[in-house]
> 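First, the structure itself, so that you have it in front of you.
Reminder, nothing fancy here: chain letters follow the sequence lines and each chain counts from 1.
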Amino acid sequence: MDILNEMTLTFSSKSMNENFARAAVSAFLLPLDPTITELADVKTAVSEAVTNAIIHGYEYGEGTITLGAKIYSNGRVVIRIRDKGKGIEDIKQAMEPLFSTVGGERAGLGFAVMQSFMDDLRVTSRKGGGTTVTMEKYIIRRSRAVQSDEND
Amino acid sequence: MLVKTVFDSGELTALLSGDIDHHTARTMRLVIDGDIERYRPESLLLDFRRVRFMDSSGIGLIMGRCRLMQLCGGRVRLENIPPTLERLIALSGVRSLTDEGR
């Protein structure tokens with residue numbers, strides 16, 4: 001399947017960038033003319049993944065987060081959020097709803113939200129080597145604004 | 001202004017605005033908890049009418065306030081949840097902790 005558009009952003013692991021990451025992905029997907037629900041789903045999932053990188057990956061410390069997104073010609077959107085933080089020891093346990101290592105104000109719903117709001121979720125992690133979250137969603141194309149050059 | 005609070009007849013109303021994420025939830029929590037401490041309300045009303053976005057940090061915010069209000073014998077009500085937030089609220093099961101869930 002052809003890639004119609006792609007982007008990569010790298011930013012600091014600061015909580016103010018949660019908003020930036022959502023806005024960037026939102027703007028990138030806008031030419032697909034997504035519904036309000038589709039956009040809200042993707043923004044929520046991105047927000048969860050970036051928050052995880054800040055809180056868990058870097059434990060509020062300094063680091064960089066890479067956000068990549070690709071749009072395929074069949075409407076498939078792939079979003080990848082990567083950190084080089086401490087990694088997840090037990091991915092299966094981390095992905096259980098209501099599991100939280102930090103407790104308190106965290107609901108422990110991050111992965112459950114990503115899973116339920118996106119069509120596919122993959123998590124790879126290495127202890128001490130960081131975590132990569134890859135999420136996919138099909139956005140039915142209503143607009144012809146995104147076309148490969150040959151089709152114009 | 002992320003949160004505006006009004007205390008009247010035993011009820012503390014917190015009007016939340018904008019995006020609720022891990023970054024903004026902290027400020028909202030500090031303001032609301034400060035006022036709970038100050039007024040000791042019987043009930044806390046969280047009004048979502050001006051919320052444009054919320055992730056699970058918002059669920060954490062609701063859960064934490066429910067816990068705090070329970071400690072002092074009070075309750076929490078949620079009002080004006082925008083349709084886009086309904087799925088997240090349902091997924092979390094947080095309504096069972098609020099007034100509606102009883």
> Measuring heavy-atom distances to chain B, does A:Ser116 have an atom under 4.5 Å in its side chain, in its backbone, in both, or in neither?
both

> So which atom in B:Met69 and which in B:Pro41 form the shortest heavy-atom distance, rounded to 0.1 Å?
CE-O, 3.5 Å

> List the steps, then state whether side chain to side chain contact (heavy atoms under 4.5 Å, CB included) holds for A:Asn19 with B:Phe53.
CA-CA 10 Å; A:Asn19 186 18; B:Phe53 170 86; over 6 Å; no

> Under a plain distance cut-off of 3.5 Å, with no hydrogens placed, do B:Ser17 and B:Arg49 share a side-chain donor-acceptor pair?
no

> For A:Ser26 and A:Lys43, work out which heavy atoms get closest and say how close.
OG-CD, 3.7 Å

> Looking only at the side chains, is there a donor atom on one of A:Glu18 and B:His22 sitting less than 3.5 Å from an acceptor on the other?
yes

> Can you name the nearest heavy-atom pair linking A:Phe117 to B:Arg87, along with the distance?
CD1-NH2, 3.2 Å

> Non-hydrogen atoms of chain B under 4.5 Å away: do they reach the side chain of A:Thr44, the backbone, both or neither?
both

> Can you pull out the residues in residues 53-64 of chain A with any heavy atom less than 4.5 Å from chain B?
A:Ile54, A:Ile55, A:Tyr60

> B:Thr84 versus chain A, heavy atoms under 4.5 Å apart: side chain, backbone, both or neither?
side chain

> With a 4.5 angstrom heavy-atom cut-off, is it the side chain or the backbone of B:Arg65 that approaches chain A, or both, or neither?
side chain

> Would you name the heavy atoms of B:Ser56 and A:Gly110 that are closest together and state the gap between them?
OG-N, 4.1 Å

> Provide the closest heavy-atom pair for A:Gly87 versus A:Thr131 in the form atom of the first, atom of the second, distance.
CA-OG1, 3.6 Å

> Out of B:Val94, B:Ile59, B:Asp21, which one racks up the most heavy-atom pairs below 4.5 Å with chain A?
B:Asp21

> For A:Asp41, is it the side chain, the backbone, both, or neither that has a heavy atom closer than 4.5 Å to a heavy atom of chain B?
side chain

> What I want to find out is whether A:Glu136 reaches A:Arg122 closely enough, with some N-O distance under 4.0 Å, to be called a salt bridge.
yes

> Who wins among A:Val50, A:Asn17, A:Thr51, A:Thr37 for the most heavy-atom pairs under 4.5 Å with chain B?
A:Thr51

> Should the pair B:Glu11-B:Arg75 be classified as a salt bridge under the 4.0 Å nitrogen-to-oxygen rule?
no

> If you count heavy-atom pairs within less than 4.5 Å of chain A, which of B:Arg29, B:Arg67, B:Arg52 leads?
B:Arg29

